[in-house]
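A short worksheet on the structure shown next.
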Amino acid sequence: MADPVFLITGASSGIGAETARHAADAGYRLVLAARSTGRLEALAKQLGGDERAIAVTCDVTDFAQQEAMVAAALDAFGRLDVAFANAGFGAKRGFLEESPETWRDMVLTNVLGVAYTIRATIPALRQSAGHLLLTSSVAGRRALSGSLYSATKHAVTAMAESARQDLDESGVRVTSIEPGMVDTPFFDNPVSGALEPDDIARAVLFAVSQPPHVDVNEILIRPVSQPT
Ligand SMILES: NC(=O)c1ccc[n+]([C@@H]2O[C@H](COP(=O)([O-])OP(=O)(O)OC[C@H]3O[C@@H](n4cnc5c(N)ncnc54)[C@H](OP(=O)(O)O)[C@@H]3O)[C@@H](O)[C@H]2O)c1
């Protein structure tokens, strides 16, 4: 069998980019999706170029772009084995903070964008009896004060369980990845005492490397010192 194919949204930075590096080391061919074309192309080149990794410019809030992303994956590699719906961003806490437009973008990206990735990838994942992973958060398990972001991640946690039930008996596995604080450009400034993207990438690779009958449904992972 040709090497399996691993698609990642939000692959231009942070958790997505680091997971791409780990997946490449594990022998996967990569489909790297986000809006920052230059960063994706640089990463694809580092991971072996066209035969091993392709860059696909995709705004996850646009379903046609997500369909084109999956079509590009199938054109380049002929199959899709893992889809990691990871694109997302945060916002200040407080229901009087941020603009209504920022809220709109965040809900469209974190919630609708993930639903679109599920919808766009399911047919190919059914064919490969593949694996769907969604990046939720600790904030998707516990409500945080004044946090619409936390509400979007609760939606992602719910979508993972909904997709798991929907795909039961299809052979497709579904995993919700629920990180605590990770030091990435998600934050405006570096954060100390946080997890590293490498810690989350190892958790993702743990889930996808289980035997086919094992479905790791949720991985909640905090730095050793994080009260919430
Ligand atoms: N860092 C944390 O503490 C933490 C904790 C829990 C969960 N998470 C979640 O982890 C995921 C990855 O975040 P990160 O920490 O790795 O932050 P990051 O470094 O800022 O990465 C976010 C990624 O999402 C992409 N993205 C944002 N909007 C997009 C859109 N409309 N279309 C396509 N791609 C889009 C960005 O790429 P472009 O800008 O190039 O499009 C980037 O690749 C997010 O879902 C985040 O909510 C993070």
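In what follows, residues are counted from 1 in the order of the sequence shown.
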**Prompt:** Any side-chain heavy-atom pair from V111 and M159 closer than 4.5 angstrom?
**Reply:** yes
**Message:** With clusters defined by side-chain heavy atoms of hydrophobic residues (ILVMFWY) lying less than 4.5 Å apart, directly or transitively, does V114 cluster with V182?
**Reply:** no
**Request:** Nearest 0.5 Å please: distance from the CG atom of L108 over to the OG1 atom of T152.
**Result:** 11.0 Å
**Asked** Less than 4.5 Å apart, any side-chain heavy atom of F6 and any of R29?
**Response** no
**Message:** Check D166 with R164, please: is the shortest side-chain N to carboxylate O separation under 4.0 Å?
**Reply:** no
**Prompt:** Just checking, is any N or O donor in the side chain of Q66 or T117 under 3.5 Å from an acceptor N or O on the other one?
**Reply:** yes
**Request:** Check the side chains of T109 and T61 for a donor-acceptor pair under 3.5 angstrom, ignoring hydrogens and angles.
**Result:** no
**Request:** Report whether F187 and L148 are members of the same hydrophobic cluster (ILVMFWY, side-chain heavy atoms less than 4.5 Å apart, transitive linking).
**Result:** yes
**Approximate separation, where rounding is to 0.5 Å, of I122 CD1 and L80 CG** = 11.5 Å
**Request:** Can you establish whether the number of heavy atoms outside Q165 located under 6.0 Å from its atom CD is more than 12?
**Result:** yes
**Asked** Can you name the closest pair of heavy atoms from G10 and A87 and give their distance?
**Response** N-CB, 3.8 Å
**Asked** Linking I/L/V/M/F/W/Y whenever any side-chain heavy atoms sit under 4.5 Å apart, do V208 and F77 land together?
**Response** no
**Message:** If you take the centroid of each ring, where Trp contributes its six-membered ring, are Y149 and W103 closer together than 6.0 Å?
**Reply:** no
**Request:** With the side chain counted from C-beta on, respond yes when N217 and T175 share a heavy-atom pair under 4.5 Å apart, and no when they do not.
**Result:** no
**Asked** With a 4.5 Å heavy-atom cut-off, do L134 and F84 have their side chains touching?
**Response** no
**Asked** What closest approach, in Å, do N110 and K153 show between heavy atoms, and which atom pair accounts for it?
**Response** ND2-CE, 4.4 Å
**Pairwise salt bridge (charged side-chain N to carboxylate O under 4.0 Å, His left out) hits with a residue in residues 176-187, at least two apart** = R141-E178
**Request:** Test T184 against F186 for side-chain contact (heavy atoms from CB on, under 4.5 Å), laying out the working first.
**Result:** CA-CA 5 Å; T184 72; F186 179 90; 3.0 Å; yes
**Asked** For the side chain of R173 and the backbone of V214, is there at least one donor-acceptor N/O pair under 3.5 Å apart?
**Response** yes
**Complete:** One should read off an interatomic distance between M181 CE and S137 OG, to the nearest 0.5 angstrom, of 9.5 Å
**Message:** Are T228 and V138 packed together at the side-chain level, in the sense that at least one heavy-atom pair is separated by less than 4.5 angstrom?
**Reply:** no
Enumerate donor-acceptor pairs with a distance under 3.5 Å from any side-chain N or O in residues 191-205 to protein atoms, sequence neighbours excluded.
unit_1: D198; atom_1: OD1; unit_2: H22; atom_2: NE2; d: 2.8
unit_1: D198; atom_1: OD2; unit_2: R202; atom_2: NE; d: 3.1
unit_1: D199; atom_1: OD1; unit_2: R202; atom_2: NH2; d: 2.4
unit_1: D199; atom_1: OD2; unit_2: E196; atom_2: N; d: 2.7

**Request:** Tell me whether V156 is reachable from I15 by hopping between hydrophobic residues (I, L, V, M, F, W, Y) whose side-chain heavy atoms are closer than 4.5 Å.
**Result:** no
**Prompt:** Are Y28 and V70 connected in the hydrophobic side-chain network, where two residues link if heavy atoms are under 4.5 Å apart?
**Reply:** no
**Item:** Distance (rounded to the nearest 0.5 Å) between R142 CZ and S150 OG
**Value:** 10.0 Å
**Message:** Given 3.5 Å as the limit, does a donor-acceptor pair link the side chain of T135 with the main chain of I177, or not?
**Reply:** no
Side-chain donor-acceptor distances from residues 33-42 under 3.5 Å, at least two apart:
unit_1: T37; atom_1: OG1; unit_2: T57; atom_2: OG1; d: 2.6
unit_1: R39; atom_1: NE; unit_2: S12; atom_2: O; d: 3.4

**Request:** Grab the two heavy atoms, one from D81 and one from P4, that are nearest each other, plus how far apart they are.
**Result:** OD2-CA, 3.2 Å
**Request:** Could you tell me which non-hydrogen atom of G140 sits nearest to which non-hydrogen atom of T157, and how far apart they are?
**Result:** O-OG1, 3.0 Å
**Asked** Donor-acceptor pair, T9 side chain versus N86 backbone, under 3.5 Å?
**Response** yes
**Message:** Could you work out, with side-chain contact (heavy atoms from CB on, under 4.5 Å) as the rule, every residue matching S170, not counting sequence neighbours?
**Reply:** R126, L167, V172
**Item:** Pairwise distance CG(D62) to CE(M69) - rounded to 0.5 angstrom
**Value:** 11.0 Å
**Prompt:** Is the closest side-chain heavy-atom distance between V82 and V5 below 4.5 Å?
**Reply:** no
**Fill in**
Scanning both residues in full, the closest heavy-atom pair of I219 with A207 reads CD1-CB, 4.3 Å
**SB check E101 R104 (cutoff 4.0 Å)** = no
**Item:** Closest approach of S147 to F95 (non-hydrogen atoms, all atoms of both residues)
**Value:** N-CE1, 3.8 Å
**Request:** For atom CD of Q127, decide whether the heavy atoms of other residues, nucleotides or ligands shown that lie under 6.0 angstrom number more than 12.
**Result:** no
**Prompt:** Less than 4.5 Å apart, any side-chain heavy atom of E161 and any of E218?
**Reply:** no
**Asked** In chain order, what residues pass the side-chain contact (heavy atoms from CB on, under 4.5 Å) check against A20, with sequence neighbours excluded?
**Response** I8, L30, L32, L43, L47
**Message:** Once ring pair (Phe, Tyr, Trp, His ring centres under 6.0 Å) is applied, what residue pairs with a partner in residues 110-137 remain, sequence neighbours excluded?
**Reply:** F63-Y116
